[in-house]
Amino acid sequence: MRSTIDLRDLPEEETKLVQEFVEFLREKAKAREKKDYKSEGTVFATWPLGVKRKLTRREIYDYL
């Protein structure tokens, strides 16, 4: 989609600001496309149970 923004009456400083913002948005979009979601590790919430070591299933489900 190609469109034009009319910046005719704006001072040069504000025109540059708009141009920099558009470039920022383009870079952000490129980074979003390149992002590899499979390589990110899944972060699970932690629950402070006070356990100091890893537990086995048998210890966790001891009531069975």
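Remember, predicted model here, so these are calculated numbers, not experimental data. We're numbering straight along the sequence, starting at 1.
- Annotation: salt bridge (Lys or Arg N to Asp or Glu O under 4.0 Å) contacts of Arg8 (sequence neighbours excluded): Asp6.
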Per-pair distances, 0.1 Å, donor-acceptor, side chain in residues 12-25, under 3.5 Å, sequence neighbours excluded:
{"unit_1": "Glu12", "atom_1": "OE2", "unit_2": "Lys16", "atom_2": "NZ", "d": "3.4"}
{"unit_1": "Thr15", "atom_1": "OG1", "unit_2": "Pro11", "atom_2": "O", "d": "3.0"}

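- For Thr56, the side-chain contact (heavy atoms from CB on, under 4.5 Å) partners at least two apart in sequence or on another chain are Arg58, Glu59.
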